[in-house]
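Worksheet: one structure, shown below.
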Amino acid sequence: MGCIIAGLAVLYIVCVILKKQFPFVDEQVADMYLGFQAGLSVSIGAALAVGIWKIRKALKDEEKIKKLYIEEHDERKKEIGFRMAVSGVTVILLTLVAAVFVTAYINKTVFLTLVAVTFCVSMILLVFKIYYSKKL
Amino acid sequence: MSQEELALAVGVTRQTITSLEREKYTASLVLAYKIAKYFGVTIEEVFDFSDVEEL
């Protein structure tokens, strides 16, 4: 637990140093960035802490270890994760395409950014499709 | 026998057994084999393949 807190503290210090060394164009963005970074770090830290707490609790009881192992390796849960990923990526991609069409009328920078993101997501999907087609 | 006991015996969660009973989830071949083996019967005796046979 102490390692997680120390890691998060180091991460936050690194962010503050980076912010000072490489100043942002906009001070407001810099503050938002630090807030985002802090929020993300705390969320990851909390998730890790809960995970460690569950494992430490299970380690005291053989039956709980087995149940935890089953929960982690349950085939229905894996299937849910797989379907969630497929549906999620499809919706994300469709939303991105819709956003590209809308932002073309509003803002050039946002439009170009979204086109680049759509292209990157599509390329990543293509690479994974080729990879798994050869692997399976 | 409870769902929990069967789940523990075949290495899945109770929710998976519930989904199988409600026909919301199709078991993998490995899980079907484990369940059949646990009851000491064949896979065909545990699962209904009438839909597949119609194809």
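Chain A is the first sequence line, chain B the second, and so forth, proteins listed ahead of strands; every chain is numbered from 1.
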Same cluster for [X] and [Y] if Ile/Leu/Val/Met/Phe/Trp/Tyr side chains link at under 4.5 Å?
X      : Y      : value
A/L126 : A/F119 : yes
B/F49  : B/F39  : yes
B/I43  : B/L20  : yes
B/L6   : A/Y69  : no

Taking C-beta and beyond as the side chain, do A/R76 and B/K24 meet within less than 4.5 Å on heavy atoms?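 When only atoms from C-beta onward are counted, B/K24 and A/R76 do not touch, as no gap falls below 4.5 Å.
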
Please examine the side chains of B/L8 and A/E63, heavy atoms only from C-beta on, and report whether any two atoms are closer than 4.5 Å.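 A/E63 vs B/L8: side chains touch.
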
Roughly how far, to the nearest 0.5 Å, is OG1 of B/T16 from CD of A/E71?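 These two atoms lie 10.0 Å from each other.
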
Could you grab the distance from atom CZ of B/R14 to atom CG of A/D74, nearest 0.5 Å is fine?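 Output value for this atom pair is 11.5 Å.
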
Measure across B/Y25 and A/E75 and return the closest heavy-atom pair with its distance rounded to 0.1 Å.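 Where B/Y25 meets A/E75 most closely, the heavy atoms are OH-OE2, 2.7 Å.
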
Closest approach of A/I70 and B/T13, non-hydrogen atoms and distance?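 Residues A/I70 and B/T13, closest heavy atoms: CG2-N, 3.7 Å.
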
B/Y33 OH: over 12 foreign heavy atoms closer than 6.0 Å: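 No.
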
